[in-house]
Amino acid sequence: MIVEVSAAGAALAFILLVGYLIQTLRKGMTTLDETNETLAEVRKAVHDLSGEAEELIQSANQITVDVKGKMKTVEPLFESAQDMGEVLNSVTHTVKQAASGYGYGLPPVKNDDPPNREMKIRLK
């Protein structure tokens with residue numbers, strides 16, 4: 001009789017164990033399904049973002065090309081401004097020398113080397 005009760009207890013324990021395992025496996029399957037759904041959403045979001053990022057990079061490249069072209073267009077203006085500054089400096093120097101020669105009270109200018117005020121813009 002003890003053997004029969006023990007066998008019945010073992011069978012009952014096995015049935016309970018299988019029941020808990022089935023519940024655990026069902027919860028695991030539910031979790032895996034949710035994970036698969038989340039992964040699909042993430043893949044879709046990454047795909048959408050990669051397309052937008054590619055468009056953004058192309059737009060940035062176009063803007064860079066446009067800015068480089070405009071800087072090449074403006075470069076002669078900067079060179080002209082530099083030349084104009086050098087001419088004004090030379091005229092000012094000449095006027096000072098002429099004024100000191102006529103005795104207007106200006107001291108003679110000792111400016112053998114004009115200051116280096118070059119401005120160079122290079123585009124690559």
Side-chain angles (χ1 to χ4, degrees):
M1 168 101 170
I2 290 182
V3 175
E4 291 173 356
V5 171
S6 295
L12 183 62
F14 183 73
I15 290 172
L16 289 175
L17 179 64
V18 168
Y20 285 121
L21 283 175
I22 289 172
Q23 285 179 350
T24 303
L25 288 174
R26 283 185 181 165
K27 287 181 181 178
M29 290 297 290
T30 303
T31 303
L32 281 175
D33 288 340
E34 291 173 0
T35 303
N36 283 335
E37 289 175 13
T38 303
L39 241 138
E41 291 173 6
V42 168
R43 283 183 183 151
K44 184 179 182 295
V46 167
H47 181 68
D48 292 344
L49 285 176
S50 65
E52 290 177 14
E54 186 175 331
E55 289 176 10
L56 181 64
I57 289 171
Q58 288 176 355
S59 176
N61 286 340
Q62 289 174 349
I63 290 171
T64 302
V65 168
D66 186 41
V67 167
K68 284 183 180 179
K70 288 181 180 176
M71 288 193 63
K72 284 183 181 179
T73 304
V74 175
E75 186 175 353
L77 179 66
F78 286 135
E79 290 174 359
S80 296
Q82 178 184 355
D83 293 342
M84 184 63 94
E86 290 174 2
V87 167
L88 286 174
N89 188 20
S90 175
V91 168
T92 304
H93 182 69
T94 304
V95 169
K96 282 183 181 179
Q97 284 182 344
S100 67
Y102 289 115
Y104 288 115
L106 294 175
V109 178
K110 291 183 180 180
N111 192 2
D112 295 338
D113 295 322
N116 186 5
R117 295 183 183 166
E118 292 185 39
M119 178 172 63
K120 295 180 180 179
I121 298 175
R122 292 187 179 166
L123 300 174
K124 295 183 179 181

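Here the structure is a predicted model, which is why all the values come from computation and not from measurement. Heavy atoms only: backbone and side chains are in, while hydrogens, waters and symmetry mates are out.
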dist D66:CG -> N61:CG (nearest 0.5 Å) comes out at 12.5 Å
Taken to the nearest 0.5 Å, the spacing of L21 CG from L16 CG works out to 11.0 Å
request  = Indicate yes or no for a side-chain donor-acceptor contact from T31 to the backbone of K27 under 3.5 Å, with no hydrogens or angles considered.
outcome  = yes
To the nearest 0.5 Å, atom NE2 of H47 lies from atom CD of E52 at 11.0 Å
Output for pair (S80 OG, E75 CD), nearest 0.5 Å, gives 10.5 Å
*Could you tell me whether a side-chain N or O of T24 sits under 3.5 Å from a main-chain N or O of Y20, the two making a donor and an acceptor?*
yes
Rounded to the nearest 0.5 Å, the CD1 atom of I63 sits from the CG atom of L56 at a distance of 8.5 Å
So NZ of K96 and NE2 of H93: to nearest 0.5 Å the spacing works out to 9.0 Å
Heavy-atom nearest pair, P76 first then T73, reads CD-O, 3.3 Å
For residues 40-49, the salt bridge (Lys or Arg N to Asp or Glu O under 4.0 Å) pairs (sequence neighbours left out) are K44-D48
Exactly one candidate in T94, V87, N89 meets side chain to side chain contact (heavy atoms under 4.5 Å, CB included) with V91; the answer is V87
